Amino acid sequence: MARTLVIVESPAKARTIEKYLGKGYSVESSIGHIRDLPKSASDIPEKYKGQAWARLGLDVENDFQPLYVVAPDKRQHVAKLRKLAAEADEIILATDDDREGESIAWHLFQELKPKVPVKRMVFHEITKEAIQAAIAHPRQIDTNLVEAQEARRALDRLYGYEVSPVLWKKVAPKLSAGRVQSVATRMLVERERERMRFVSATWWDLLVTGKTGEDQSFPARLTDVGGQRLAGGKDFDPLTGRLREGAAVRLLTEAEAQALTTGLTGQALTVTSAEEKPFTQRPYAPFITSTLQQEGSRKLGFAATRTMRAAQKLYEGGYITYMRTDSTNLSVEAVTAARTQVTQMYGPAFLHPQPRVYAKKAKNAQEAHEAIRPAGSSFRTPDSLRGELGGDEWRLYDLIWKRTVASQMADARGRGLRVRLGGQAQGGETVGLSASGRTIDFPGFLRAYVEGSDDPNAALEDRDTPLPPLKEGERVTAETIRPESHETQPPARYTEASLVQALEAAGIGRPSTYASILGTIQDRGYATKKGQALVPTWTAFATSALLEHHFGKLVDYDFTARMEEDLDDIAGGRASRVPYLRRFYLGDEGQGMALKPLIDRQMGEIDARGIATIHVPRLDGTGIEVRVGRYGPYMQRGEDKANLPEGLVPDELTAETAEDLMSRPSGDRLIGTDEASGHPVVARAGRYGPYVTLGDGNPPVRSASLFPGDDLNTLTMERALRLLSLPRLVGVSEGEEVWAMNGKYGPYLKRGGDSRSLNSHEELFTVGIHEAEALFMQPRFRGRGVAAAPLRTFEIEGRPPILLKSGRFGPYLTDGERNATLRKGEGEDNLTAERALEILEERGKEPKKKAGKAASRKATAKPAAGKAAKPSTRSSAKKPAAKKPAVKKAGAKGTVSKSSTVKTPLTWAELKPHLGVLSEQERQLVTATREQGRKVDEVAPGLGLDVKKAKGMALQASKKLNQAARGD
DNA sequence: CAGTGAGCGAGCTTCCGCTTGACTT
């Protein structure tokens, strides 16, 4: 019997379709994309590793040829598909009918290399009829559509992997930029900027309770005084808090409001007009991914991921249709099912006369699926599933069911009543009031579904605000009056739901990515959640500013929209991928984005310090600047600095809070006053961790790091003074003083130029001179606490043992010859000797000992740029004594040469007088880095130097300078 | 943003879209 292999994207879909197809067909899934550009170095095949473009996964010099790899976690599955393909007589690629789906089909074809006929089929709803119709009308893979997808993929890779490194250099490491996330971040930042500029205003009005002759009460609001309209919220300029220019309105003060309250109470009012207007309201379209997330958030309080997790479960269980869609379309069977259910549950009066069609396309919609609705040709009611579904899932199903059913229900009908009243206060001032009401005569679809509310019936009552049947000319009494003050509100922050809505409206992002976009911008530290609101961080401000100023086109709100137009041209065969990418990446005679040349240019031009400085309008005139530093955001005014506390959101930073923070910098905690010296003792969080100081000047009289286990917030005075008593003179040995000190690398003893580590911090206080002498008798680096002690040792016959050590960059393996850093997941605990050997063989590298290269790397990797010259001089000075790793066999410990004649690095003050030995360029480089604390990368272009060359020069220069200063 | 010793391995970070499990909290 002939065997046909059908491949769809999702396993749940495969199960359903298999049922419809019957014998002769087996249905499998690709589980999404099966191949992609390599994500990082570990995914790049060995043979391409040396290529300059391998990092991008696109050969940018050769028509942007993509390098596709099957991700490690997909290999097994692809192998399985390959095997099934080999056994089949025919293959049908039935992935989604959109750009990505077409691409998946093409990748399957490429990767499975089938030797049997291959067809492509598409369908938009999973019903027996639709599937059978689709299978009867197969087509071929649309290579233009595949090209469009490849162009999209390449553009996103180039944008992300070329622009992110600019941020690493200019803002902070590990940040990211991308077509979607950068615009999303910018939206948050721009909204927050509006809030930061916002000036609030106050206005008053009166809430009047009117009473008719029949003793019916109703609320009315004061709208006019003396023939002039009262000012309301929209009459104020959000930038100044003042009334908009030319607004012919009356601003009521509190005193006036009080006076009117007294003057109006008990007065008679006349109805001057009463207008009744009928209205109708249509139901909302069935759910698509974005609206489901919005309503999940508004009605159920679910974050986007929670909604999607529940939806996924419902889909897998066969309760709903596919949950990642941008189409509001319902299949015929769905419309029929919904209409049947409306009649059954609400009666025929509630059914819309004709089936409703929701055809309005979202921007850039691909419409490969149906709307999200209950599955099947007759919907199961929420009540019938109560015992079957878990909490989140049931509530979401209920929502989906209501929305779907409501979409086929009748319009809601009602009347709106608007009444105007006039009168006179006792003081003689004429006043105008207005009252409005709303009566729902026929709820229609509102019976099932009210947007934003969890309970349609309760919400219906809320919406019904009837007024007594007031007639023109009727007299009523102003029974009670309450003056009310109002404040204008800044524009609200985005929530997850409203950001998704905004992105979707701009055509940015896809149903499958909305939830993850929110995750990305939070993971990268661009936004935090405060309740429901998404608040951009200071880093987001710096990043957005950089992108806006230097890569403006990339963060245009319609960048994606334009891209989509271009991709449509490619998909339609009117344009091609290669020229498109060339214009974007390389530029074409001044045409196009020309990203690469732009980055090369901007790298030299972007002023990292300027970008890190964030304009806060409310601090204008205070002289205080906000800046994002390597260690978080801080404020600066001249020499004074203060950290910005973590919870402080940007729009809450007023001049007042800023001054307050500046007056007690860095969240310092005053512990008390040292009676002996009279100086204050302050606990601080510093660049190198928590510490205490004696005196609050700069520099303080003395300072000391806290020990591990000490807590900044609970440190007592007694403990602080004890810490500050360090360093401690232990005694005298061999004619030299022995000091117990707490250093960068932990506690140690110092005797002249010699030192030994101590095992614990507390020993700093307890170690005696005899113990100290014993320690100095021993060679260095003995005993525990020494970095060189391996965490584990793997003995393997016939070769040197492999050691697992803990290094600055995490755990790594070494056998003395080669080293290999462990990756995430290669746990230290479950590592076997065999696996250790494998890793070492696979990626072990001989440690680089070529001084020049190693030194220059080190120099640039140092966080403090101003000190960049120090390590380089150190390592070059050490060069003669450098040990060849091969000599250092395991077990040969303790033979460390004592001739390590490392000189203490000279200070800048000591070096400065010798600047004369340098050339002009060298001098400029060295002063810029050491005196102004700038980075070589920044300075180089200004001096007309290539960055690499400048780094080399800086090294040589500081070497020369040290030599000169030491007089050798 | 403080300040002290010498000594241990380089390598990676990052995009958007398509899809589930396999993990842990």
Side-chain angles (χ1 to χ4, degrees), chain A residues 9-12 29-34 36-37 39-42 55-56 73-74 77 95-96 98-101 103-104 149 152-153 155-165 167-168 173-182 312 316 324 509-513 516-517 520 524 629-631 634 636 641-643 665-666 684-689 691 693 698-700 702-705 727 741-746 748 750 753-757 780-781 786-788 805-809 812-814 818-821 823 825 844-848 854 857 861 874 878 885 896 900 902 904:
Chain A
E9 284 179 40
S10 132
S29 64
S30 71
I31 322 183
H33 274 293
I34 57 156
D36 192 13
L37 305 176
K39 191 175 135 32
S40 64
S42 56
R55 183 182 67 83
L56 294 170
D73 56 340
K74 283 279 171 71
H77 187 68
T95 48
D96 294 350
D98 58 16
R99 205 162 55 210
E100 299 295 329
S103 168
I104 292 175
Q149 192 277 344
R152 197 281 305 157
R153 181 68 191 90
L155 181 138
D156 281 330
R157 171 53 65 90
L158 293 169
Y159 185 148
Y161 276 34
E162 290 287 26
V163 180
S164 297
L167 299 179
W168 303 343
K174 298 194 177 179
L175 293 180
S176 62
R179 175 172 58 82
V180 172
Q181 59 169 292
S182 293
Q312 175 86 30
E316 285 169 11
R324 290 187 276 265
R510 305 276 312 131
S512 66
T513 58
S516 61
I517 293 162
T520 302
R524 299 279 168 275
R630 196 158 280 269
Y631 311 103
Y634 64 98
Q636 185 167 20
K641 289 175 181 163
N643 285 332
S666 311
R684 314 185 127 129
R687 152 86 171 74
Y688 304 103
Y691 67 104
T693 63
N698 188 16
R702 197 180 299 159
S703 63
S705 285
M741 306 171 93
N742 190 15
K744 179 155 70 165
Y745 309 102
Y748 68 102
K750 185 177 163 78
D754 206 2
S755 66
R756 293 289 182 279
S757 283
R780 288 184 169 190
F781 316 124
V786 171
K805 292 189 175 185
S806 168
R808 271 184 297 159
F809 312 108
Y812 68 100
L813 295 168
T814 178
R818 287 173 302 174
N819 306 313
T821 308
R823 295 203 181 115
K845 293 233 168 99
E846 266 185 59
K848 282 180 191 158
R857 265 167 196 261
R874 201 182 273 167
K878 238 170 59 74
V896 179
S900 47
V902 175
T904 47

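Here the structure is a predicted model, which is why all the values come from computation and not from measurement. Letters A, B, ... mirror the listed sequences (proteins, then strands); counts begin at 1.
Taking all atoms of both residues into account, the shortest heavy-atom contact from A:L167 to A:S176 is CD1-O, 3.5 Å. Of all non-hydrogen atoms in A:Y748 and A:S755, the two that sit nearest each other are CD1-CB, 4.0 Å. Closest approach of A:I517 and A:G509 over heavy atoms only: CD1-CA, 4.3 Å. Pairing each heavy atom of A:A177 with each of A:S182, the nearest pair is CA-OG, 3.4 Å. Of all the heavy atoms in A:D96 and A:E9, the pair that sits closest is N-OE2, 2.9 Å. The shortest non-hydrogen separation linking A:R152 to A:D156 is NH1-OD2, 2.7 Å.
As rounded to whole Å, 19 Å separates atom P of B:dA2 from atom CE of A:M741. Separating the CG atom of A:D73 from the P atom of B:dT20 is a distance of 14 Å, rounded to the nearest angstrom. Distance A:L175 CG to B:dC15 C1': 14 Å, rounded to the nearest Å. Atom NZ in A:K74 sits about 12 Å away from atom P in B:dG21, given to the nearest Å. B:dT14 atom P lies 16 Å from atom CG of A:L37, rounded to whole Å. Note: CZ (A:R756) to C1' (B:dG7) measures 13 Å, nearest angstrom. With rounding to whole Å, A:R99 atom CZ is found 14 Å from B:dC16 atom P. A:L167 places its CG atom 12 Å from the C1' atom of B:dC15, with the value rounded to the nearest Å.
A:Q149 has no side-chain polar atom (N or O) that falls below the 4.0 Å cut-off from OP1 or OP2 of B:dG17. Of the side-chain N and O atoms in A:K750, one or more sit less than 4.0 angstrom from OP1 or OP2 of B:dG5. Between A:S512 and the phosphate of B:dC18, there is a side-chain N or O to OP1/OP2 separation shorter than 4.0 Å. Look at A:T513 and you'll find a side-chain N or O under 4.0 angstrom from OP1 or OP2 of B:dG17. At B:dT19, one or more side-chain N or O atoms of A:R324 fall inside 4.0 Å of OP1 or OP2 (strictly under the cut-off). Close to B:dC16, at under 4.0 Å from its OP1 or OP2, lies a side-chain N or O of A:Q181. At least one side-chain nitrogen or oxygen of A:R179 sits closer than 4.0 Å to the OP1 or OP2 atom of B:dG17. Between A:S176 and B:dC15, a side-chain N or O to OP1/OP2 separation shorter than 4.0 Å is present. Under 4.0 angstrom from either OP1 or OP2 of B:dT19 there lies no side-chain N or O belonging to A:S30.
Using a 4.0 Å heavy-atom cutoff across all strands shown, A:G178 reaches sugar-phosphate atoms only and no base atom. A:Y161 comes within 4.0 angstrom of a nucleotide base, judged by non-hydrogen atoms across all strands. Across all strands shown, A:P165 has heavy atoms under 4.0 Å from base atoms, whether or not it also approaches the sugar-phosphate. Note on A:S703: a base of the nucleic acid sits closer than 4.0 angstrom, heavy atoms only. Residue A:A12 is classed as having no contact, given no heavy-atom separation below 4.0 Å to the nucleic acid. Nucleic acid contact for A:G101: none, since no nucleic acid atom lies under 4.0 Å from a heavy atom of the residue.
Paired regions of DNA chain B, requiring three or more successive Watson-Crick or G-U pairs whose two hydrogen-bonding distances fall under 3.5 Å, are not present.
Here the nucleotide nearest the side chain of A:R55, chosen from B:dT14, B:dC1, B:dG17, is B:dT14. Side-chain atoms of A:D36 lie closest to B:dG17 of the nucleotides B:dG17, B:dT19, B:dA2. The side chain of A:E316 approaches B:dG21 more closely than any other nucleotide in the set B:dC18, B:dC15, B:dG21. Relative to the side chain of A:Y748, the nucleotides B:dC16, B:dT13, B:dG5 differ in distance, and B:dG5 lies closest. Which of B:dT13, B:dC15, B:dC18 sits closest to the side chain of A:E9 comes down to B:dC18. Side-chain proximity of A:R524 to B:dC18, B:dC16, B:dT14: nearest is B:dT14. Nearest to the side-chain atoms of A:S705 among the listed nucleotides B:dA2, B:dT14, B:dC16 stands B:dA2. The side chain of A:T520 sits closest to B:dC15 out of B:dG5, B:dG17, B:dC15. For A:D156, whose side chain is taken as the heavy atoms from C-beta onward, the closest listed nucleotide among B:dC16, B:dT19, B:dT14 is B:dC16.
With a glycosidic angle no more than 90° from 0, B:dG9 adopts the syn conformation.
Evaluation of atom-type donor-acceptor distances gives no pair under 3.5 Å for the side chain of A:T693 against the base of B:dA2. For A:R152 against B:dC16, a side-chain N or O and a base N or O form a donor-acceptor pair under 3.5 Å. A donor N or O paired with an acceptor N or O is not found under 3.5 Å between the base of B:dC18 and the side-chain atoms of A:R510.
A:S164 OG to A:K174 NZ: the interatomic distance, rounded to the nearest 0.5 Å, is 13.5 Å.
Using a distance-only test at 3.5 Å, with no hydrogens or angles considered, a donor-acceptor pair links the side chain of A:K74 to the main chain of A:H33. Formation of a donor-acceptor pair under 3.5 Å by the A:S516 side chain with backbone atoms of A:T513 is found in this model.
Remark: of the listed residues A:R510, A:R153, A:Q149, A:Q149 is the sole one forming a side-chain hydrogen bond (donor to acceptor under 3.5 Å, both in side chains) with A:E100.
By the 5.5 Å and 30° criteria, A:W168 is stacked with the base of B:dT13.
For the pair A:D96 and A:A704, nearest-nucleotide mapping onto DNA chain B gives the more 5' position to A:A704.
By the 4.5 Å heavy-atom criterion applied to side chains, A:S29 and A:S10 are not counted as neighbours.
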